[in-house]
**Q** 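The structure that follows is given in the form of C-alpha cells.
Read the numbers this way: they start at 1 and go in the same order the structure lists the ligands and their atoms. Below, each value reflects all heavy atoms present in this structure, side chains not excepted, and no hydrogens, waters or symmetry copies. These figures come from a predicted structure and were not determined experimentally.
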Amino acid sequence: MTAEPSWHPLEGTMHAVAVEVLIHGPLPRSELARRLDLSPATLTRLTKPLLDMGLLVETDPQAPAGMGRPSLPLDIDPDSRHFVGIKLTSDEVHGVLTDLRARVVALEIAEIGDRSPDAVADRVAQVVERLASKGPGVTSVGVSAGGLVDDAASLKAAAYLGWDEPVPLAALIAERTGLPVVLANDVEAWAQAERWFGDGCNDDDFALLTTGVGVGYCVVTHGQTASGTDVGVGVAGHIPLDPLGPLCHEGHHGCAEAMLTSGGICSAVSVGLGRAVGYDEVLRLAHEGEPVATQVVLASARAYGRLLALIANLTFVPLIIVSGEGVDLAIEWESAVRAEFDAGRHPMASPVRLLIKRAPFTERARGAAVVAIQTHVLGR
Ligand SMILES: [Zn+2]
C-alpha cells in the first residue's frame with residue numbers, strides 16, 4: 001500500500017473553485033464564475049492547473065446542438081481518488097472506503113480487544129489494509145473518535161478507550177499504513193460530511209445535534225465548523241432542560257444528558273417500573289401507552305424541543321439536523337418535539353427547518369473520510 005503522490009497545494013480562490021465543483025458539479029463555467037464572482041478570464045486561469053492535475057475534468061456539453069459553441073461543464077472525476085474513513089468506538093473499528101465525492105464503495109468492521117494505543121492502531125491499520133484491497137489505491141485516511149482532538153493528530157479525554165494521556169493516534173496509524181492520516185472529533189467530522197455532501201450542502205449555517213449514549217453538538221457558521229476544543233468535551237450534555245427532571249451523574253436535575261441520552265431515559269423508566277429496561281423496549285412500551293414509559297418519553301421529547309429552540313434562539317441557524325442512535329424517540333414523538341420548539345421561539349422569529357433523521361452508523365466513518373477529502377482538496 002503506497003500513498004499516491006500528493007499534488008501541488010491549491011491556493012486561495014483555486015480552493016474555492018475546486019470545492020464548488022466537488023460539491024455542486026457538474027457546473028457550466030458561466031455558472032461557476034457567477035457563483036464565485038469571478039471574470040471568465042480569471043476562472044480560466046484558475047481552472048487550468050486543476051484540469052492539468054486531473055482534479056477537474058471537462059464533461060459533455062449540455063447546450064443543445066446548433067446553439068453555437070457549447071461550453072464544457074466542469075466536474076470532478078469521483079473515481080480519481082479514494083479515501084478511508086474510520087470511526088472508533090470503545091469496542092469496534094468501523095471503516096469505509098469512499099470515492100472523492102464521499103460515496104461509500106466498501107465497508108469493514110473489526111472488534112477491538114486490547115485497547116492499548118498500539119493495539120488499536122494495529123487494528124485500524126488492518127481495516128485500512130482490507131479496505132485498500134477493495135479499491136484502486138487510497139490517497140489518505142481520516143479517523144474520527146469521541147474526545148478532544150489536538151491539531152488533527154492526537155486524541156485526549158478518550159476515557160471510553162481507557163486512555164488517560166494524550167495519544168498521537170494519527171502518527172501511530174500513519175507509521176503502520178504509510179498513508180497520510182488526519183484525526184477529527186466524531187461529531188465535528190459528521191457536521192463536515194453534512195456540510196459538503198449531506199443535508200447542509202446548500203446551507204452556510206446550520207447546527208447538528210446527535211443523541212445516543214451521549215449528546216453531541218456542533219454548529220457550522222459561514223460554512224465553517226465553530227471548532228473549539230469544547231466540541232470534544234460534550235458541553236451540550238449538561239444544559240438544563242427540565243428542573244423537575246431526573247439527575248445526571250454530575251448531580252444536575254433534568255440536563256440534556258439526563259433527559260436525552262439512552263442511559264438517562266432507560267434508567268428513568270427502569271426506576272418507575274422496578275425492573276431494568278432497554279431503549280428499544282422503552283420506545284415500544286411508550287408506543288403501546290404504558291404510563292411510565294409514556295411520561296418519560298414525552299418529557300424527553302419536550303426536552304428535545306426546548307434544546308432545539310435554545311440552539312435556534314442563540315445561534316440564528318436556519319437549519320438544525322437531529323440524528324444519532326437515539327433519534328428514534330424524536331422521530332416517533334416529533335409532534336411533541338415541534339410543539340415545544342414552537343413554544344420556545346419568538347413569535348416574529350424566522351422559520352427554522354428541523355431535519356430529524358435516522359443515519360446508519362457508517363455515516364460516522366463517512367464523516368471521517370470527508371475530513372480526509374477536505375484536507376486533500378484544500379491542500380492542508
Ligand atoms: Zn448533567
**Q** Do any protein N, O or S atoms sit under 2.8 Å from the Zn ion (ligand 1), and which ones are they?
**A**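 Checking every protein N, O and S atom gives His238 ND1, Cys248 SG, His252 ND1, Cys255 SG.
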
**Q** Could you give all pairs that pass the salt bridge (charged side-chain N to carboxylate O under 4.0 Å, His left out) test and reach residues 265-275, with sequence neighbours left out?
**A**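 Sorted result for residues 265-275: Arg275-Glu281.
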
**Q** Should side-chain heavy atoms under 4.5 Å link Ile, Leu, Val, Met, Phe, Trp and Tyr, which residues sit in the same cluster as Val96?
**A** Val104, Leu107

**Q** Going by distance alone, is a donor N or O of one side chain under 3.5 Å from an acceptor N or O of the other, for Thr225 and Gln192?
**A** yes

**Q** Under 3.5 Å, is there a donor-acceptor pair linking the side chains of Thr211 and Tyr304?
**A** yes

**Q** Out of Thr210, Leu354, Leu308, which one pairs with Val322 under the side chain to side chain contact (heavy atoms under 4.5 Å, CB included) rule?
**A** Leu308

**Q** What pairs meet the salt bridge (charged side-chain N to carboxylate O under 4.0 Å, His left out) rule with one or both residues in residues 243-258, with sequence neighbours excluded?
**A**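 Salt bridge (charged side-chain N to carboxylate O under 4.0 Å, His left out) check on residues 243-258 returns no pairs.
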
